[in-house]
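Written below as structure tokens is the structure these notes are about.
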Amino acid sequence: MRAAGAADAAGPDGSFGDIRLDVCDLEIRIGQSGADVVSEISLAVAVGEVLGLVGESGSGKTTVALALLGHARRGLSITSGQVRLDGVDLLALPPAELRAARGSRVAYVPQDPSAALNPTLRVGTQVAEALRVHPGVVADPAARALEVMREARLDATPDLLRRYPHQLSGGQQQRVALAMAFCCRPSLIVLDEPTTGLDVSTQRHVLDTVRSLCRSYGVAAVYVSHDLAVVSGLVSQVAVMYAGRIVEIGPTDKVFADPVHPYTRRLLAAVPSPDRAEILTGIDGQPPRPGRRGTGCSFAPRCDFAIDQCRLAPPEPVTIDARAVRCIRAAEIRAQPVQRPALMRVQAEAGQTAALSLRSVSARYGRRGVLSAIDLDVRPESCLAVVGESGSGKTTLARCIVGLHTNWTGEITFDGARLQAGIRGRSKDTLRRVQYIFQNPYASLNPRKTVGQIVAQPLDELLGLSFSQRSERAARALADVSLSADMLNRYPDQLSGGERQRVAIARALVVEPDLLICDEVTSALDVSVQAVIIEQLRRLQRERHLTMVFITHNLALVRSIADTAVVLRDGSLVESGPVDQVLEHPKHPYTAGLIKDVPALTRTVGE
Amino acid sequence: MAVAAPSVPGTSASEAIRMARHPWLSAAWAAARTPRGAVGLSLAGAVVLIAVIGPFVAPQSPDALLTLTFAKPSGQFPLGSDFLGRDVMSRVLDGGWALLLMAALATAFGIVAGAAAGISAAYLRGRSDGLIMRTVDVILAFPQLVFALLLVSVLGPRLWLIVLAVGLSHAPQVARVIRSATLDISERDYVKVAELQGMRPRKIMTSEILPNLVSPLTVEAGLRLTYSIIIMAGLSFLGFGQQPPAANWGLMINENRVGLPLNPWAVIVPVALIALLTIGTNTFTDAFARVAIGIDRRPEESALIDELMPGVPR
């Protein structure tokens with residue numbers, strides 16, 4: 001399946017001189033003849049162009065990205081297809097030549113720069129190393145190293161060059177990785193979610209750097225991401241992957257403004273918007289794994305438009321409006337308007353007194369102060385969003401409230417009663433009423449316990465219920481988060497990330513708390529799963545009359561869940577107020593800057 | 001999840017469930033199927049088999065004086081006789097189980113004591129940590145064999161005391177390993193969750209932390225078992241273990257070494273059995289450790305890889 005956009009790039013005379021990367025029918029299988037992990041991947045990227053490869057985790061996007069460097073992960077093998085870079089098939093190269101091409105002609109920027117940079121090499125040495133292993137690519141390696149670091153917007157002072165990676169910030173580390181990737185002037189650069197771990201403002205700067213580097217070097221770039229908003233502002237072409245195939249590929253503005261494939265539509269509806277308070281609709285269920293994809297369209301089991309015919313054979317791509325779509329009903333579906341997410345009903349202001357209030361709360365880690373004189377109030381049954389970048393102290397704030405962080409001064413009152421600093425000073429009833437959901441569902445569930453044991457545990461510890469009462473209530477709590485009762489006997493490593501986080505929510509809600517603290521609960525999840533979780537939390541908050549504190553770095557999410565918001569910066573509150581006011585008329589320049597840096601989905605058509 | 005053994009092909013669903021439920025059992029099973037593990041297990045298994053069924057199949061009484069001293073192997077006495085003219089074959093068959101049993105008991109005691117000390121030190125931190133670990137350092141300052149000899153020579157060569165002494169000499173090493181593993185686990189979020197539920201520290205240590213330590217504990221147990229066998233045999237050799245006329249591999253080496261030129265089998269066979277046993281347990285433990293590391297490391301990563309490539313060996 002070739003994108004129509006690529007054909008445009010071929011030029012009027014039909015030559016493919018502009019095409020840098022041409023991937024043809026790539027197929028990767030488990031072992032030599034096992035199930036296909038990705039198949040029928042065809043795409044083309046022109047000089048200076050960035051192609052976005054998007055999809056949920058498990059869609060095979062990283063597998064494709066690595067194949068562009070001629071690499072297959074352990075246990076996988078590239079069974080057919082070509083990856084032609086400037087006309088040369090990388091997959092047909094002998095190992096020595098392929099090795100020479102990697103780094104010099106194809107470069108890779110990994111997701112986590114702190115893991116990819118050698119911690120024992122100074123930054124200057126590290127960049128020079130990339131040039132040293134490819135001698136003869138540039139004339140003057142030393143000068144080139146400095147030049148490329150400047151281009152990556154790193155201030156290449158002697159001091160910086162002498163530092164070790166751990167002495168740099170996340171953004172700087174990613175710039176070093178970018179400099180290393182660009183230093184040999186490659187033809188193709190593969191970026192694997194390089195901004196995932198970064199703050200919005202850093203992310204924006206890194207994205208700007210990527211964009212300008214690609215443009216000025218005329219390299220073709222493939223940008224892998226699960227974040228549609230990030231991709232929409234950066235790439236000219238986008239390929240949406242689902243279950244190992246490209247389901248829709250075409251120019252970014254067309255795909256995002258007027259998506260055709262049902263999966264693309266659902267994916268876009270799950271992206272929270274910083275501008276409108278929308279009800280997010282996620283995609284329930286999971287993408288099928290390799291080997292269990294059935295005969296027909298892989299998306300059919302989750303698709304609203306699926307008909308019997310969809311399940312018969314995998315759909316062939318059809319070309320519609322400059323893009324290729326793998327859906328037999330593409331034309332019909334396109335005629336139907338894209339369902340915009342419904343707007344949320346804004347709750348009326350209630351003039352009640354605060355359920356939770358903090359007065360001049362300051363917290364320290366050892367000698368370092370992380371929070372200074374925080375005052376805030378949360379009205380009963382409302383949701384407060386605490387927004388801040390990493391290091392702003394937002395998690396410490398949450399941990400002070402629940403009692404995990406004890407080194408703080410000031411006063412925290414909940415429902416009129418003062419909360420003690422540590423867990424030991426709090427009664428079982430207080431512990432029950434204040435529940436905390438952790439950020440990472442992969443770490444917050446004990447891998448040696450079943451879901452049933454995990455959810456029932458607080459009933460035993462906090463309420464002392466009998467075994468039969470516990471199991472009944474645990475099953476009910478699972479049902480509340482739309483998990484079936486047969487999950488009770490499963491272990492956490494048999495669950496997906498979204499299911500794990502739902503188990504964590506069930507565990508918090510099973511004791512019927514009054515205050516729920518959610519600490520970045522969706523940051524480890526896919527956008528489609530995030531939407532499901534957010535909607536569930538919102539529904540449960542209303543139904544259970546919960547007071548909620550929702551901690552996030554994602555400003556776009558705030559609208560979808562919170563009533564009021566506060567912005568934290570370096571341990572102090574810089575802004576607080578109703579969500580609409582904070583997002584639309586920020587008083588503090590820091591807030592305004594944050595809002596500006598939030599990558600927004602460009603949905604122009606149909607507005 | 002997929003079995004982490006490098007040479008194990010794709011796993012079935014039931015196996016996946018078993019893996020989650022009894023990770024150490026599955027790891028042991030997976031380890032047994034690696035070449036290294038298979039070699040280790042069959043070596044150790046063969047020696048254990050000899051020690052366990054030996055007393056029932058021994059052709060002669062191990063204590064009966066039957067022939068000349070240091071007689072060469074013959075039809076009636078396949079391994080010849082020892083320094084008192086007893087049948088070496090029967091003594092070899094009879095002399096393993098006590099050694100093995102004592103080594104196993106000492107290992108169990110050392111693991112339990114060491115794990116209790118290590119987990120408490122790491123989880124409780126503060127003063128408990130200092131107190132426990134400094135005590136451990138003091139014990140650690142004595143070489144294991146010397147420490148055991150010291151206790152035995154002060155209190156007399158009683159068998160239960162030897163078991164206790166050897167076990168106690170293992171505890172510091174176990175405590176060190178388990179402490180560092182616990183330090184990692186006690187920072188995990190699920191431990192914080194239990195704390196937020198007001199769970200008592202002792203229950204957190206036994207129900208949240210301990211189940212996640214099974215793999216390092218199993219590796220430690222295998223390693224300590226190897227050392228226990230060596231120390232037990234060594235103590236017997238030095239005359240501090242079982243006393244004559246008991247048949248004991250360590251004791252036999254000492255008793256018969258003067259007759260090495262006359263009937264070398266009376267020494268070589270016990271030496272070989274002890275060597276094979278320790279090599280076997282150590283090799284299998286090594287195989288288990290390799291498998292277990294793959295299971296315990298980065299559960300989120302392996303889950304993701306599973307999503308991408310179910311059943312792929314890694």
Side-chain angles (χ1 to χ4, degrees), chain A residues 30-31 34-35 37 57-60 62-63 73-76 286-287 289-292 399 402-404 423-424 426-428 431-432 434-436 438-450 453-454 457-458 460-462 489-497 500 504 507-508 511 524, chain B residues 1-2 4 6 8-10 13 15-24 26 184-201 203-204 206-215 294-314:
Chain A
I30 295 174
V37 177
S57 53
S59 62
T62 296
T63 308
R73 270 189 264 192
R74 239 174 95 185
L76 303 186
Q286 281 170 62
R289 292 170 166 194
R292 291 179 209 158
R399 295 191 168 206
V402 297
L404 279 177
I423 296 163
R424 279 186 207 145
R426 299 185 182 187
S427 68
K428 289 250 169 182
L431 291 178
R432 176 190 69 78
V434 183
Q435 287 291 318
Y436 183 59
F438 286 80
Q439 171 175 6
N440 185 353
Y442 290 93
S444 69
L445 307 180
N446 190 337
R448 301 286 182 258
K449 292 192 170 179
T450 63
Q453 287 171 327
I454 288 167
Q457 185 173 303
D460 182 21
E461 294 297 327
L462 294 171
N489 292 321
R490 301 239 203 126
Y491 282 81
D493 58 7
Q494 295 170 294
L495 308 182
S496 69
R500 285 175 195 230
R507 170 174 62 190
V511 291
Chain B
M1 55 183 300
V8 178
E15 209 163 335
I17 290 165
R18 197 177 43 136
M19 172 65 88
R21 214 149 288 184
H22 300 296
W24 54 97
S26 317
D184 177 33
I185 289 171
S186 50
E187 285 306 309
R188 305 259 170 98
D189 286 347
Y190 55 78
V191 175
K192 303 262 177 263
V193 169
E195 286 171 7
L196 280 176
Q197 291 168 357
M199 197 185 269
R200 289 171 181 283
K203 192 170 174 194
I204 290 181
T206 53
S207 85
E208 300 291 324
I209 295 175
L210 186 61
N212 287 287
L213 286 172
V214 168
S215 294
I295 293 173
D296 283 349
R297 191 186 45 203
R298 314 249 339 240
E300 57 267 57
E301 187 193 29
S302 53
L304 186 68
I305 294 172
D306 269 349
E307 242 161 70
L308 289 173
M309 341 184 254
V312 173
R314 56 165 198 278

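Note that this is a predicted model, so its numbers are computed, not measured. Chain naming here is simple, since letters A, B, ... match the order of the sequence lines and numbering starts at 1 in each.
A heavy-atom distance below 4.5 Å is found between the side chains of A/Pro492 and A/Ile454.
Taking A/Val434, A/Leu431, A/Asn446 one by one and counting their heavy-atom pairs under 4.5 Å with chain B, the maximum is reached by A/Asn446.
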Would you check, one step at a time, whether the test side chain to side chain contact (heavy atoms under 4.5 Å, CB included) holds for B/Lys192 with A/Val402? CA-CA 11 Å; B/Lys192 303 262 177 263; A/Val402 297; over 6 Å; no
Full working for side chain to side chain contact (heavy atoms under 4.5 Å, CB included) between B/Ile185 and B/Tyr190: CA-CA 9 Å; B/Ile185 289 171; B/Tyr190 55 78; 3.7 Å; yes
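Proximity to chain B (any heavy atom under 4.5 Å) is restricted, for A/Arg507, to the side chain, taken from C-beta onward. Contacts between A/Ile423 and chain B at a heavy-atom distance below 4.5 Å involve the side chain alone, from C-beta outward.
Taken to the nearest 0.5 Å, the NZ atom of B/Lys203 stands 13.5 Å off from the CD1 atom of B/Ile209.
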